[in-house]
Amino acid sequence: MFTLSGLSSFDEIYLAYRAKFIRFALFYVSNRQAAEDIVTDSFVYYWENKSRLPKDTNVPAYILTCVKNRCLTFLRDTQLHQEILSGIQELEEWKLQLKISSLEACEPFDLFTLEMHELVRQAMNKLPAKTRRIFLMSRLGDLSHKEIAEQTGLSVKTVEFHITKAIKLLRKYLKNYTWGIFFLI
């Protein structure tokens, strides 16, 4: 048995136990490089702290305890890493499912219609009141220029002027949405 008092050199214990300790660590961490690093770090830890240990310390048992503790740390870190990855994966799956559900519920015609109605409403509100009223009578009321003129007491030419003015202003207000103007005209 190697003790501090009976140890002739660090090299002897390193050569006698390194491979055994690596096999021990490898059994638990299942990663050759990690097992070698754990064993090397354990030997270094022992060497750096040997002056604080009692003379009758069983050195191989002490180093194996260090290996055991470092394996536990490695495994706990691995477990935490997997839990974090699992949480991220669950979040990504939730986001993907949300996108799928959202896209399945999406009705482009409804979105387009609502958006277009809002743009047209805003543009219509920018028209002068009289022009807006005449334009709406023409487009929504489906009245002829003559019928609008009779109802408003204006001439047919004035009605035509207001409708032309409304179309020009709406084209201006909706210039980025010129395709939408076709729904109005």
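- Hydrophobic clustering of Ile, Leu, Val, Met, Phe, Trp and Tyr side chains at less than 4.5 Å, counting indirect connections, keeps Leu91 apart from Ile100.
- Val39 and Leu72 are not part of a single hydrophobic cluster, where members link through side-chain heavy atoms under 4.5 Å apart.
- Within the model, atoms CD1 of Ile134 and OG1 of Thr164 stand 11.0 Å from one another, a figure rounded to the nearest 0.5 Å.
- In this structure the side chain of Arg139 reaches within 4.5 angstrom of the side chain of Ile167, judged on heavy atoms.
- Expressed to the nearest 0.5 Å, how far NZ of Lys68 lies from CD1 of Ile38 amounts to 13.5 Å.
- Counting only heavy atoms from C-beta outward, the side chains of Ile63 and Ile13 approach each other to under 4.5 Å.
- In this pair, Phe10 and Phe43 present their aromatic rings perpendicular. The plane angle is above 60°, beyond the 30 to 60° band.
- Other residues, nucleotides and ligands contribute only 12 or fewer heavy atoms inside 6.0 Å of the OH atom of Tyr45.
- Rounding to the nearest 0.5 Å places OG1 of Thr65 at 8.5 Å from CG of Asn58.
- Rounding to the nearest 0.5 angstrom, the gap separating the CZ atom in Arg132 from the NE2 atom in His162 is 12.5 Å.
- Put simply, the side chain of Lys165 does not reach to within 4.5 Å of the side chain of Phe135, judged on heavy atoms.
- Two residues are said to be in side-chain contact when any heavy atoms from C-beta on lie closer than 4.5 Å; Lys130 and Leu154 meet this criterion.
- Residue Arg133 places its CZ atom among 12 or fewer non-hydrogen atoms of other residues, nucleotides or ligands, all under 6.0 Å distant.
- Residues Ser155 and Glu160 have side chains not in contact (no heavy-atom distance under 4.5 Å, counting atoms from C-beta outward).
- Ala34 and Val29 get closest at one heavy-atom pair: CB-CG2, 4.3 Å.
- Within the structure, side-chain hydrogen bond (donor to acceptor under 3.5 Å, both in side chains) pairs that include any residue of residues 71-89 comprise Gln89-Glu93 (at least two apart or interchain).
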Where do Arg70 and Phe74 land on the side-chain contact (heavy atoms from CB on, under 4.5 Å) test, with the steps shown first?
CA-CA 6 Å; Arg70 289 176 189 272; Phe74 178 88; over 6 Å; no

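- We find the CD1-OG1 distance between Ile148 and Thr158 to be 12.0 Å, quoted to the nearest 0.5 Å.
- For Glu48 against Arg52, the heavy-atom pair with the smallest separation is O-NH2, 4.3 Å.
- Grouping the Ile, Leu, Val, Met, Phe, Trp and Tyr side chains by contacts below 4.5 angstrom, directly or via other members, places Phe21 apart from Val44.
- Between the Thr40 side chain and the Glu36 main chain, a donor and an acceptor come within less than 3.5 Å of each other.
- Checked by atom type and distance alone, the side chain of Ser101 never pairs as donor or acceptor with a backbone atom of Leu98 at under 3.5 Å.
- Distance CD1/Ile163 to CG/Leu136: 10.5 Å, rounded to 0.5 Å.
- Using a 4.5 Å heavy-atom threshold, the side chains of Lys126 and Leu170 count as separate.
- Residues meeting the side chain to side chain contact (heavy atoms under 4.5 Å, CB included) test with Leu26, sequence neighbours left out: Arg32, Ala35.
- Residue Tyr28 places its OH atom among 12 or fewer non-hydrogen atoms of other residues, nucleotides or ligands, all under 6.0 Å distant.
- If you chain together hydrophobic residues whose side chains sit under 4.5 Å apart, Leu53 and Val59 fall into the same group.
- The same ILVMFWY cluster, assembled from side-chain heavy atoms under 4.5 Å apart, contains both Leu140 and Leu169.
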